[in-house]
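So the structure is just underneath, and the comments pick up after that.
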Amino acid sequence: MTNTLFSKNTIKKALSIIVSETAKDCFADLEADFQARIDYTPEFKLGQYASPAAMELAKFLKKPPREIAQTVCEAIKGSKYAEYFESVEIAGPGFLNLKLSVQVLQFLTSPDFSVQVYLDSIFTLKNEPRILFEFVSANPTGPLNIVSARAAVTGDAICRILKRGGLNVQKEYYVNDFGNQVSNLGLSFAYRVLQKNGWEIALPENCYQGEYILQVLNSLLESDSPDFIQNLDINSLKSNGEEFEKFLFKASEYFSVRAVDFLLETQQQDLFDFRVEFDRFFRESTLHEDEKVQQMAIKLAETGKVYEKDGATYFASTEYNDDKDRVIVRSDGRPTYLLADIAYHYDKIKRGFQKIIDIWGPDHHGYIARLRGALLALNFPEADNTSQEFSVLIVQQVNLIEDGKPIVMSKRLGQFQTMKDLIEKIPVDASRYFFITRAMSTHLDFDLELALTQSSKNPVYYIQYAFARINSIFRESSRDADGYAVFSQDSMQYLNQNLRAELVYFALRFPELIEDICQSREAHRMATYLHELASLFTKFYHEDENRILKKINENPVEADCLLSICWLTAMTLEAGLDLLGITAPREM
RNA sequence: GCGCCAGUAGCUCAGCUGGAUAGAGCAACAGCCUUCUAAGCUGUGGGUCAGAGGUUCGAGUCCUCUCUGGCGCACCA
């Protein structure tokens, strides 16, 4: 039997339709687009879902909430929907508690049921709106750090979930391969060359001080060592200032381009090792080459929100809630980073993306107002911060904790500070989980010891372990899991026991969770949910009456029910872990 | 000084667009392995949700103020 109400919607949505329709039948005053809210009950014994709609409507209908609830309750019981419920009750100040009948499970489950098929039927792939999700976007001037790792993993998980929810998402990494930072990078290499040739010259302050520069330099010279480096005459540089300057210029130019390419590749490798892939790496330099930055200055000037002062060109961002107006073209004629970034975001819109989501680091939040302001000035009114058309998520910083104390980040080698160090130290499953498990907006304490612990203390293994156990049950019982994707008619009677049904209905919240995350973009809820699901399963597993191998001999039909519960749980765990980019091993 | 983020159990944090008695893990204590994976389970203790006002049927959640911590306030990116 199929039923589109339940097979094409999440359970929440289906119940909302039922309660809303019924309420509108009862009260003619209600607006046509009234949608009753459906929540989870605080306790399973009250039912699976509850609606606070009666309380919300009390003022509008000028009736006591319990009376409204009573009317709706009776109406549902007398309607065609009655068969979906084991009970409908009024509780507390006017909650409508809904206890679903096991029959609903049959509506959910078609012969080819699986969690993925269920998700497919609820979330059909939409072509609109097209979403551009930009994250990481670190400067290609060094290895990726821990905050970038967090942004990478969290952003990747959100994108996976958005896609599973049927949304059209593209992942993009903006490469700042232009401007001062890149010049400084080249200069750092020039000085390192001098040091390498025996000149004990100090690096200027604006240079990158990290030791990694030296390693990259060696790699670059190994593959190609140009004449002007090979024939370097240190003594003549020391004595001849003009020649010295010439060398710095030449070496900077030579190395900056090659170093950016090299470092970008290194970053890409780190990301790949972390299971983070991008659809596109967008280079800032292409915006300059295509003169899009220049054109943007003209376009902004046309808005009338631009003025000249002290030889520089300003964008009047204070008109858009910014602290001060911002320079877009310097007095020497060079564009600022902001102008290029405006051009970049404008380009996103021109490429046909209706929604733009960025993840930025904690030190960039002050930047939001000016960029949002520029997009508004460019007549992209959807950039208004009340809508979600342009949103910036700020990922907060990370403290690595060892021996109960935070590790102080320093430039010294051997310090644990880059993404690569983390990959070498902590298994990817564990570090991904730890990054995703906390809300992006909170400062994260990353406990290295806990992440390394291979026991139940480490939540990621606890979740994987539940999945492995279920697979073990199928191995030991020599059953083929596929046969248990659907509850058989006969076996369903054995669901009538709290923990069994509770586990099933908790697993069936999965699509609702995906829907929530598509809205809130908070991937950590998936991590929390999976841990709770694993915990519920583990309790179920340890109950004496749920011992499956024993049950197979005693009561095969009841065993079928238990196997179906297990398989639904396993499919959900596997799908959820996959959305977090974490593996689901069948044996541990 | 201005802005952003945060303040929930000893520690790290959940708490879905305001909903019923505020939860989990770790740490502490007490039990449990002839049993499908003990990488586990059960139980106990632990709270002025930073503080004070306000909004309403109802506030950890929304508003205002205060306090504390982190970060940011360039013709750097």
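Values below: every heavy atom of this structure, side chains too, minus hydrogens, waters and symmetry copies.
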Please determine if a side-chain N or O atom of A:Tyr462 lies less than 4.0 Å away from the OP1 or OP2 oxygen of B:rC41. yes
Any idea which of B:rA20, B:rU37, B:rA77 is nearest the A:Ala468 side chain? B:rU37
What's the closest nucleotide to the A:His365 side chain, out of B:rC4, B:rA24, B:rA77? B:rC4
Using a cut-off of 4.0 Å on non-hydrogen atoms, how would the nucleic acid contact of A:Asp177 be classed: base, sugar-phosphate, or nothing? nothing
Tell me which nucleotide among B:rC36, B:rG25, B:rC75 gets nearest to the side chain of A:Ser331. B:rC75
Can you check the distance between B:rA50 and B:rU61, where both ends of the measurement are the C1' atom (answer in whole Å)? 16 Å
Would the A:Tyr40 and A:Tyr49 ring centres measure less than 6.0 Å apart? yes
Stepwise ring pair (Phe, Tyr, Trp, His ring centres under 6.0 Å) check, A:Tyr307 with A:Phe315: CA-CA 7 Å; A:Tyr307 62 90; A:Phe315 168 57; 9.5 Å; no
Give a yes/no on whether any side-chain N or O of A:Lys550 is located under 4.0 angstrom from OP1 or OP2 of B:rC36. no
Describe the nucleic acid contact of A:Asn97 in one word from base, sugar-phosphate, nothing, applying a heavy-atom distance below 4.0 Å. base
Between CD1 of A:Ile328 and C1' of B:rA77 the distance, given in whole Å, is 17 Å
What is the distance from CG of A:Asn206 to P of B:rA74, rounded to the nearest Å? 19 Å
Nearest-nucleotide check on RNA chain B, A:Arg475 vs A:Gly311; residue mapping nearer the 5' end is A:Arg475
Classify the nucleic acid contact of A:Asp447 as base, sugar-phosphate or nothing, counting any heavy atom under 4.0 Å across all strands shown. nothing
Identify whether any heavy atom of A:Phe474 sits under 4.0 Å from a base atom; if not, whether one sits that close to sugar-phosphate; answer base, sugar-phosphate or nothing. nothing
How far does the P atom of B:rC32 sit from the matching atom of B:rU17, given to the nearest Å? 44 Å
Mind checking A:Lys551 for me? I need base, sugar-phosphate or nothing, with any heavy atom below 4.0 Å counting as a touch. nothing
So, the side chain of A:Ser51 versus the backbone of A:Ile38: is there a donor-acceptor pair under 3.5 Å, distance only? no
Where the side chain of A:Glu522 meets the backbone of A:Arg438, is there a donor-acceptor pair that is under 3.5 Å apart? no
Within the structure shown, what part of the strands sits under 4.0 Å from A:Ala58 by heavy-atom distance: base, sugar-phosphate, or nothing? nothing
Mind checking if A:Asn180 touches a base, just sugar-phosphate, or nothing, with heavy atoms under 4.0 Å? sugar-phosphate
Has the side chain of A:Asn97 got a donor or acceptor atom that lies under 3.5 Å from a matching backbone atom of A:Gly47? no
Options B:rA77, B:rC41, B:rU17, nucleotide nearest the side-chain atoms of A:Arg37: B:rU17
Round to the nearest Å and state the distance from A:Phe434 atom CZ to B:rC26 atom C1'. 10 Å
Say we look at B:rA52 and B:rC33: how far apart would their P atoms be, to the nearest angstrom? 49 Å
Determine the Euclidean distance between corresponding P atoms of B:rG45 and B:rG25; express it in Å to zero decimal places. 15 Å
A:Trp567 and A:Phe474: CA distance, side-chain angles, deciding distance, ring pair (Phe, Tyr, Trp, His ring centres under 6.0 Å) verdict: CA-CA 9 Å; A:Trp567 195 234; A:Phe474 281 95; 5.4 Å; yes
When all nucleic acid strands are considered with a 4.0 Å heavy-atom cut-off, which category describes A:Gln397: base, sugar-phosphate, or nothing? sugar-phosphate
Against the side chain of A:Asp323, the closest entry in B:rA14, B:rC2, B:rG19 is B:rC2
Candidate nucleotides B:rC57, B:rC41, B:rC5, ranked by approach to the side chain of A:His443 - the nearest: B:rC5
Checking only heavy atoms, does the side chain of A:Asp39 share a donor-acceptor pair with the base of B:rA20 at less than 3.5 Å? no
When rounded to the nearest Å, what value does the distance between P atoms of B:rA9 and B:rG54 take? 25 Å
Using a heavy-atom cut-off of under 4.0 Å over every strand shown, decide if A:Glu522 touches base, sugar-phosphate, or nothing. nothing
Shortest side-chain distance from A:Thr336, nucleotide among B:rA77, B:rU56, B:rG19: B:rA77
Calculate the interatomic distance between A:Arg370 atom CZ and B:rC73 atom C1'; express it in whole Å. 8 Å
Out of B:rC13, B:rA38, B:rA77, which has the shortest distance to the side chain of A:Arg438? B:rC13
Mind checking A:Gln464 for me? I need base, sugar-phosphate or nothing, with any heavy atom below 4.0 Å counting as a touch. nothing
Indicate whether OP1 or OP2 belonging to B:rC73 is found under 4.0 Å from a side-chain N or O atom of A:His364. no
Using a heavy-atom cut-off of under 4.0 Å over every strand shown, decide if A:Ala369 touches base, sugar-phosphate, or nothing. nothing
Under 4.0 angstrom between A:Arg469 side-chain N/O and B:rA38 OP1 or OP2: yes
Would you classify A:Pro362 as touching base, sugar-phosphate or nothing, given that sugar-phosphate means primed atoms plus P, OP1 and OP2, and contacts are heavy atoms under 4.0 Å? sugar-phosphate
When you measure from the side chain of A:Ser472 to the backbone N and O of A:Ala468, does any donor-acceptor pair fall under 3.5 Å? no
Mark yes or no for whether A:Thr286, through its side chain, and A:Arg283, through its backbone, hold a donor-acceptor pair below 3.5 Å. yes
Give a yes/no on whether any side-chain N or O of A:Ser441 is located under 4.0 angstrom from OP1 or OP2 of B:rA6. yes
Given ring pair (Phe, Tyr, Trp, His ring centres under 6.0 Å), test A:Tyr173 with A:Phe135 step by step and report yes or no. CA-CA 6 Å; A:Tyr173 183 129; A:Phe135 60 118; 8.3 Å; no
Over all strands shown, is A:Ile548 touching base, sugar-phosphate only, or nothing at heavy-atom distances under 4.0 angstrom? base
From the list B:rC5, B:rA77, B:rG15, which nucleotide is the closest neighbour of the side chain of A:His524? B:rG15
Given that A:Lys324 and A:Thr442 both sit by RNA chain B, which one's nearest nucleotide is further toward the 5' end? A:Thr442
With no hydrogens and no angle check, is any side-chain donor or acceptor of A:Asp310 less than 3.5 Å from a backbone partner on A:Ala312? no
Test item: side-chain donor near acceptor, A:Asn145 and A:Arg150, under 3.5 Å: no
Is A:Gln396 touching bases, backbone alone, or none of the nucleic acid, heavy atoms closer than 4.0 Å? sugar-phosphate
RNA chain B base-pair string [pairs: Watson-Crick or G-U under 3.5 Å; |: paired with another strand]: (((((((..((((.....[...)))).(((((.......))))).....(((((..]....))))))))))))....
A:Asp322 CG - B:rA74 C1' separation (whole Å): 13 Å
By nearest atom, which of the nucleotides B:rC75, B:rC5, B:rU42 is closest to the A:Lys539 side chain? B:rU42
